[in-house]
4 protein chains.
Amino acid sequence: MRGMKTPREQLVHHVQNLERIEAERQAAAEDFSAALAGAKAAGFDPGTLRVVLRLRKLTPGQRKERRALEAIYLAALGMLEGDPLPDEARRRLDEEQQSRDMPGKGLSEAGSPPSREPKATPAPPPQLPMNLKDPEDARQEGRAAAAAGKRIYDNPYPAGDPCRAAWDEGWCEKKKSNGMDTPAAYQRRSKPPEKNDKDEKGAA
Amino acid sequence: MRGMKTPREQLVHHVQNLERIEAERQAAAEDFSAALAGAKAAGFDPGTLRVVLRLRKLTPGQRKERRALEAIYLAALGMLEGDPLPDEARRRLDEEQQSRDMPGKGLSEAGSPPSREPKATPAPPPQLPMNLKDPEDARQEGRAAAAAGKRIYDNPYPAGDPCRAAWDEGWCEKKKSNGMDTPAAYQRRSKPPEKNDKDEKGAA
Amino acid sequence: MRGMKTPREQLVHHVQNLERIEAERQAAAEDFSAALAGAKAAGFDPGTLRVVLRLRKLTPGQRKERRALEAIYLAALGMLEGDPLPDEARRRLDEEQQSRDMPGKGLSEAGSPPSREPKATPAPPPQLPMNLKDPEDARQEGRAAAAAGKRIYDNPYPAGDPCRAAWDEGWCEKKKSNGMDTPAAYQRRSKPPEKNDKDEKGAA
Amino acid sequence: MRGMKTPREQLVHHVQNLERIEAERQAAAEDFSAALAGAKAAGFDPGTLRVVLRLRKLTPGQRKERRALEAIYLAALGMLEGDPLPDEARRRLDEEQQSRDMPGKGLSEAGSPPSREPKATPAPPPQLPMNLKDPEDARQEGRAAAAAGKRIYDNPYPAGDPCRAAWDEGWCEKKKSNGMDTPAAYQRRSKPPEKNDKDEKGAA
DNA sequence: AATGCTCCAGCTGAGC
DNA sequence: GCTCAGCTGGAGCATT
């Protein structure tokens, strides 16, 4: 009869049970380490793999939000370092501004993209397809655009151009607050959608 | 004379010393938590702030490498989700391919950017400056470009176009190995530059 | 006016603030490590010092309870290894049994300590003051005592005698449950006394 | 052929592999948590169980050393709180002293155990079998004994007597250093015996 | 001296 | 909402 077991017998049973299960757990942990070491031996970076695995546990919406927030913060600190804001970040920043502008009027003719064309880039052998413009000029243009009420979408520089990120940073630097005391674009919003089983991971 | 102290006196001294210093450490930790809570109260996301603080401890080169590796891995997994590869990632991917093509000959006329112009986006009200093309088509184009030996720089889609990321992903998907058993673009390279005091952080 | 600061300026301020405070925190952490290294250099064991520091953060009552629980569990598993139960552990074990016996009557003449005397140990040069008895016999005696309803206090062996711990283990092994389904002696009871500032540490 | 896989295919494979193994790891971790919760539901203390599990991973020798070191440190800090030193701690403390005394001569007539008998304890209802002596007196006696070159084994008080621990503390407090600058009794010595498979755990 | 390993403080995500 | 266990990153340590 089980209920008659002395506390000591119960304890021994639980301890043995725990030891067995913990051994399994440790074995599983070692399997994981081994797999990671295998990936490393194949030339992949373990740290980046960990990051990727963590990201894959999130929903695409959560992933986008995180990247957007991170980029917005980095832009505000002047640390974009050549990479333009992701689209989600632009959407957030613009959304906030729109909510400010909306009551009055729609934002008029936004950015007639200046006559800069991506231009040739006929044979950019090892370099990036960059133009000759100084990114600092682009940063100043971004500041001016923000001061003039232009939207973050009005960045005229093409992809791959360091000026694009510099313009973004300049815009973020000068953009006025929308009057709200809390900068909505800097906050998290999305909630993990109630943990249903149908997983919506990124494709593999 | 100090050397005459008994072991017990030494121990008591060390323990008292450690307790005092640990109290200071804990006070400092609480200060940090308080500062973070203050930032949170001001509307900023604590998690993102931690990420930013960690990134700021790195050199710009290290930051770029991390972002590039992460993007390359995500691209390979089809998880770019609308954001194109950072330039550093393109440089890495192309560098590797170049080292393969180099022995034979330079890669001929790269990508005459097809006649898609960014065009229009005259008043992109709340949407991104996107075109009407299906990103899946762009992904297929990227695959074809990789199969044809095109370079990652030959992505014809402009910034802010979801097709740009899709093309990148397709290219990464089909790109052949350069024959080396270790995918150089997937590995870390840079070393922290010997820990000198002159810090080269991003601007604040 | 402070409220007019743009979100970006707020962010920059918070980040700088956090970086400064985190530098202080790290400095404090390094001070602690240095102090611990100093203690180690003086011949003290860092791991044990950490344990001691943690124990000193507890109230004496909490310390006793922890040690008692740990000893009770180890006794039940036969891992006392020569050290008898602490008094607090005896009190717990006896208290539980008393609550069982109480309804009927007081426990009669407990253990007439058998005529074992510590036996002089006139000059136990490097050994412990142990007797010649086999601890296994003592363990069996403990089992018999528990079966006979003896109390844990009735252990007849003196301090420093391995038989004392063996008797305790035997007693724990055979002791019947008090009928309650939850072994009260195996559970925590005390609460940290509401965290008031007047600290009641052990003496230093 | 496997070697022909593109880096991307390798990465996908590794990531899927890692995700699968990590799922197993997490499942194992949940099993463990469930088992611990079961033990808790049965009335056992999870924290103490964790401590016990960790101790059971050590060899008996390592366990003894840890307990001895901890007790020695606590004794030096006056935190024994009623529990006397474990035998291993006495052995260490005495061993050190012996090595000091050895060159000259063996320690003469050690402790003629004074005529204190455990004193019946005929029916110690809920109290411990304590005597009427003030532990502070015993502490002072311990100090005097240490000053007089007595050994730690010479503690005259019986098990279960608070005076026993007090005498130990007093002895530790006054004991002179053996002249060596490093207190050997305060240091770790034993090495985990080379990690052979034949496990020598405590009995279960 | 460099490298791998082991351990610990701190952060993250769940559970009450 | 808070606590708390698991995990990660980094530092210290031993080893070659």
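Below, chains carry the letters A, B, ... as their sequence lines are ordered, and counting in each starts from 1.
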Tyr73(C) side chain to Leu11(A) backbone, donor-acceptor under 3.5 Å: no

Take atom [atom1] of [X] and atom [atom2] of [N], then tell me their distance rounded to the nearest Å.
X	N	atom1	atom2	value
Glu30(A)	dG6(F)	CD	C1'	16 Å
Arg188(D)	dT6(E)	CZ	C1'	13 Å
Glu22(D)	dG13(E)	CD	C1'	13 Å
Arg54(B)	dG10(F)	CZ	C1'	12 Å
Arg50(D)	dG6(F)	CZ	C1'	9 Å
Lys40(B)	dC11(E)	NZ	P	15 Å
Asp31(B)	dG10(E)	CG	C1'	16 Å
Leu53(A)	dG9(F)	CG	P	11 Å

Touch class at under 4.0 angstrom, heavy-atom based, for Phe32(D) against every strand present: sugar-phosphate

Arg25(D) side chain, from C-beta outward: closest of dA5(F), dT8(F), dC13(F): dT8(F)

Arg66(C), CZ: over 12 other non-hydrogen atoms inside 6.0 angstrom: no

Lys/Arg N to Asp/Glu carboxylate O, Glu19(D) vs Lys57(A), below 4.0 Å: no

Short N-O contact, Arg25(C) and Glu22(C), less than 4.0 angstrom: yes

Of Ala29(D) and Pro46(C), the one whose closest DNA chain F nucleotide lies more 5': Ala29(D)

Presence of Lys57(A) side-chain N/O under 4.0 Å of dG13(E) phosphate oxygens OP1/OP2: no

